Peer 1: 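Just passing along the structure, written as structure tokens.
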Amino acid sequence: MDVIRPRRLRKDPITREMVRETRLAKSALIYPLFITEGNGIEENIAAMDGQKRYSPDRVEYAVESVIKAGINSILLFGVPEHSHKDESGSEAFNENGALQQAVRKIKTSFPQCNVITDVCLCEYTSHGHCGLLDGREVDNDRTLPILAKVAVSHAQAGADMVAPSDMMDGRVQAIREALDQHHFTNIPIMSYSAKYASSFYGPFREAAGCAPSFGDRKTYQMDYHNQREALRESELDVQEGADILMVKPALAYLDVIARMKDTFDLPLAAYSVSGEYSMIKAAAKAGLIDEAAMVCETTVAIFRAGADMLITYFAPEIAAYITEGRIG
Ligand code: PBG
């Protein structure tokens with residue numbers, strides 16, 4: 001009897017592509033952008049080679065090139081000046097804040113662009129924590145109405161979707177109720193439902209100026225020893241009205257992505273965070289790896305694990321690799 005040969009389906013490029021189990025689309029990519037206060041600012045982020053902070057008057061140029069690359073969804077982070085930070089992060093819901101201005105400008109110039117805004121306080125609080133403090137501890141419940149106000153201010157500026165990343169318990173419900181009261185019943189919530197306390201966020205904290213001034217985020221972000229806890233956290237967000245769930249970071253958490261995909265029927269996002277980006281950039285710069293090959297392989301791995309969409313600083317490059325037929 002002849003041997004059975006699975007490799008028959010790998011014999012030529014056309015067949016290999018036909019039997020691919022994972023397909024990528026540019027529409028599943030989301031590009032993060034940092035919005036800083038001021039005018040005429042377009043500054044390099046030292047910890048994230050190739051990424052920049054833009055003031056609201058410069059952001060349209062950045063968005064134009066992202067759209068040209070074939071990316072239609074962006075995720076905006078606000079980076080206020082030091083003098084505007086306070087104990088309760090009140091600049092976060094300033095209707096004329098840099099982020100709100102940027103949203104208005106982008107939606108005016110590119111109405112088709114899908115603008116998602118990050119809802120968190122850590123960039124806006126003087127102490128750098130994601131919520132209000134009671135002594136040295138985060139006061140979960142007093143933080144909720146503030147987060148709700150922030151989300152409403154983003155929707156009023158024209159955001160298409162809000163993405164709470166603070167990890168306070170009950171924030172999805174608080175935000176949903178506030179959005180509904182303000183007649184934003186059609187604005188979806190992308191919840192950072194399984195967000196781990198991670199050293200992969202290091203470069204982001206430089207980019208957004210949001211490192212905690214004392215302690216860490218381990219009381220409100222998840223312990224990387226745990227997988228089932230991600231399901232418990234996400235289940236609560238589903239009950240509270242989340243429209244999209246998320247696993248963050250991505251690459252070191254592929255097991256969590258796979259488990260979440262099996263468990264929930266909501267769309268699932270993965271966030272390939274700053275540390276994942278900067279590691280690839282640094283290793284490529286040192287001549288140790290091939291950047292494009294590494295980006296292709298890791299990106300496909302995240303989709304293969306089960307992500308329906310991916311937030312990534314490599315989004316424009318990935319779009320080009322898809323166009324060139326390297327992946328997809
Ligand atoms: C804010 C927030 C962080 C990131 C996204 N939203 C930082 C943190 O939680 O410390 C990290 C994103 C990245 O590293 O690319 N809470």
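The residues of the chain are indexed from 1 along the displayed sequence. Fair warning: this is a prediction, and the values are worked out from it, not measured in the lab. All ligand and atom numbering here is 1-based and tracks the order in the structure.
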Peer 1: Is any N or O atom of Ser274, backbone or side chain, closer than 3.5 Å to an N or O atom of ligand 1?
Peer 2: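 Yes, there is a polar N/O contact under 3.5 Å.
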Peer 1: Do any N or O atoms from the side chain of Tyr196 and from the backbone of Asn226 form a donor-acceptor pair under 3.5 angstrom?
Peer 2: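 Side chain of Tyr196 to backbone of Asn226: a pair is present.
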Peer 1: Let's go through Tyr253 and Gln227 carefully: what are the C-alpha distance in whole Å and the side-chain angles of both, what is the deciding distance for side-chain contact (heavy atoms from CB on, under 4.5 Å) to 0.1 Å, and is it a yes or a no?
Peer 2: CA-CA 9 Å; Tyr253 297 84; Gln227 188 195 63; over 6 Å; no
Peer 1: For ligand 1, indicate whether the residue Ser165 contacts it via side chain, backbone, both or neither (heavy-atom separation under 4.0 Å).
Peer 2: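 It is both backbone and side chain that touch ligand 1.
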Peer 1: A quick test of your reading: do over 12 heavy atoms of other residues, nucleotides or ligands sit less than 6.0 Å from CE of Met294?
Peer 2: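 Result for CE/Met294: open.
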Peer 1: Within the 3.5 Å criterion, strictly below it, is a donor on Ser234 or Ser193 matched to an acceptor on the partner's side chain?
Peer 2: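 Side chains of Ser234 and Ser193: pair found under 3.5 Å.
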Peer 1: Evaluate the side chain to side chain donor-acceptor pair (under 3.5 Å) criterion for residues Glu42 and Tyr61: first the C-alpha distance (whole Å), next the side-chain angles of each, then the deciding distance (0.1 Å), finally the verdict.
Peer 2: CA-CA 10 Å; Glu42 195 178 320; Tyr61 302 106; over 6 Å; no
Peer 1: Just going by heavy-atom distances, which of Arg217, Gln221, Lys195 is nearest to atom 16 (N) of ligand 1?
Peer 2: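 Nearest option to atom 16 (N) of ligand 1, by heavy atoms: Lys195.
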Peer 1: Looking only at distance, does Arg205 have an N or O less than 3.5 Å from an N or O of ligand 1?
Peer 2: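 Right, the criterion is met.
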Peer 1: Would you call Asp134-Arg142 a salt bridge at under 4.0 Å N-O?
Peer 2: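 No, Asp134 and Arg142 are not salt-bridged.
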Peer 1: Step by step, would you call Phe34 with Phe204 a ring-ring contact (aromatic ring centres under 6.0 Å, His included)?
Peer 2: CA-CA 10 Å; Phe34 298 94; Phe204 177 95; 5.5 Å; yes
Peer 1: Tell me, please: is Tyr277 in heavy-atom contact with ligand 1, that is, under 4.0 Å?
Peer 2: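 The answer is no, since Tyr277 has no heavy atom less than 4.0 Å from ligand 1.
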Peer 1: May I ask you to say whether Asp308 pairs ionically with Lys261, meaning some side-chain N is under 4.0 Å from a carboxylate O?
Peer 2: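 Yes, charged N to carboxylate O under 4.0 Å.
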Peer 1: Please determine whether any non-hydrogen atom of Met167 lies less than 4.0 Å from an atom of ligand 1.
Peer 2: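 It does not, in that no heavy atom of Met167 comes within the 4.0 Å cut-off of ligand 1.
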Peer 1: Quick check on contacts: which atoms of ligand 1 are under 4.0 angstrom from a heavy atom of Lys248?
Peer 2: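 Close to Lys248: 2 (C), 3 (C), 4 (C), 5 (C), 6 (N), 11 (C), 12 (C).
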Peer 1: In the protein, which heavy atom is nearest to atom 15 (O) of ligand 1, and how far is it?
Peer 2: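 Checking every protein heavy atom, the shortest distance to atom 15 (O) of ligand 1 gives Tyr313 OH, 2.6 Å.
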Peer 1: If you count the atoms of ligand 1 from 1 in the order shown, which ones are under 4.0 Å from a heavy atom of Tyr271?
Peer 2: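 In order of numbering, the contacting atoms are 12 (C), 15 (O).
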Peer 1: Would you mind listing which atoms of ligand 1 come within a distance below 4.0 Å of any non-hydrogen atom of Cys120?
Peer 2: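 So the atoms of ligand 1 that pass are 1 (C), 16 (N).
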Peer 1: Any idea which protein heavy atom is nearest atom 3 (C) of ligand 1, and the distance to it?
Peer 2: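 Sorting protein heavy atoms by distance from atom 3 (C) of ligand 1 puts Phe204 CE2, 3.3 Å first.
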Peer 1: Mark up the atoms of ligand 1 that fall under 4.0 Å of a heavy atom belonging to Cys122, in ascending order.
Peer 2: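 Listed by number with element, the hits are 1 (C), 16 (N).
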Peer 1: Can you tell me if Glu276 has a non-hydrogen atom under 4.0 Å from ligand 1?
Peer 2: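 In this structure, Glu276 fails to qualify as a contact of ligand 1 - no heavy atom is under 4.0 Å.
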Peer 1: Check this for me: does any side-chain nitrogen of one of Glu91 and Lys85 sit under 4.0 Å from a carboxylate oxygen of the other?
Peer 2: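 Result for this pair is no, no salt bridge flagged.
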Peer 1: Pull out every atom of ligand 1 sitting under 4.0 Å from any heavy atom of Cys130, numbered as shown with elements.
Peer 2: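 Those atoms are 16 (N).
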